[in-house]
Amino acid sequence: MSYTQISTFIKTITGITIGKIQFKRDEINKTVQMLDGHRFTVFRHVIKKSKNQKGQKPAVLCVRFHVNGMSPERNIKFSLLPMLFILGLPGLREKYWMINRRNGDFQGLYEWNSVEQAEEYVNSFAMNFMTKRSIPGSVSYEIIPEIGLADHLRHLEL
């Protein structure tokens, strides 16, 4: 299903206004060691209250990239604007924004209502935007089916 940037922007602003999209602070500055040994520090965390469609199993999407021509600090500030366009995407439940302070890589950990919705994100304008502003070849992703983000994070070292 195709969604426009305008419609997702409106859904994001509406969700924030009515409390459906909530920014959490309790995980900020926590470090997560991924299975490949890379360590990422959380700098933003959002939970979106959404209805899980009956019969759907959640999926985790892990996206990693290195921004081209911008300091990590500037990218953290700059990431506020693109965020307003992705939080309105249907099926998104939760997202962690993270940085590897050692090499400057960024990582997003998302929970989606289904594998299909995670795949839609991978093929969306948001991922295209991320790819365009990243060092060529630095964008990678993995979809982990049938697991929620909380359960996935329990498998990682905190």
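Heads up: numbering here begins at 1 and tracks the sequence.
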**Report entry** Interatomic spacing from CZ in R93 to OG in S114 - rounded to 0.5 Å
**Finding:** 9.0 Å
Query raised in the report: Are the side chains of M130 and V63 in touch, meaning some heavy atoms are under 4.5 Å apart?
Result: yes
Report task. Answer yes or no: does atom OH of Y141 have more than 12 heavy-atom neighbours from other residues, nucleotides or ligands under 6.0 Å? Result -> no
Report task. Kindly compute the distance separating CD1 (I147) from CZ (R154), expressed to the nearest 0.5 Å. Result -> 9.0 Å
Query raised in the report: Rounded to the nearest 0.5 Å, what separation is found between the OG1 atom of T12 and the NZ atom of K48?
Result: 7.0 Å
Requested in this report: Identify the residue among H45, R44, K24, E111 that makes a side-chain contact (heavy atoms from CB on, under 4.5 Å) with Y96.
Outcome: H45
Query raised in the report: Given the rule that I, L, V, M, F, W and Y join up when any side-chain heavy atoms are under 4.5 Å apart, are V67 and F129 in one cluster?
Result: yes
Query raised in the report: Taking C-beta and beyond as the side chain, do N100 and R64 meet within less than 4.5 Å on heavy atoms?
Result: no
Query raised in the report: With a cut-off of 6.0 Å (strictly less than), are more than 12 heavy atoms of other residues, nucleotides or ligands near CD1 of I18?
Result: yes
Query raised in the report: What is the distance from atom CD of E119 to atom CE of M127, rounded to the nearest 0.5 Å?
Result: 12.0 Å
Query - L156 and L35, any side-chain heavy atoms less than 4.5 Å apart - result: yes
Query - Parallel, tilted or perpendicular, as decided by the 30° and 60° cut-offs, for the rings of W112 and Y110 - result: parallel
Report task. Spell out, as yes or no, whether a donor-acceptor pair under 3.5 Å connects the side chain of T14 to the backbone of K11. Result -> no
**Report entry** Check: M34 and Q107 side chains under 4.5 Å, non-hydrogen atoms
**Finding:** yes
**Report entry** Distance, nearest 0.5 Å, that separates NZ of K132 from CG of N68
**Finding:** 14.0 Å
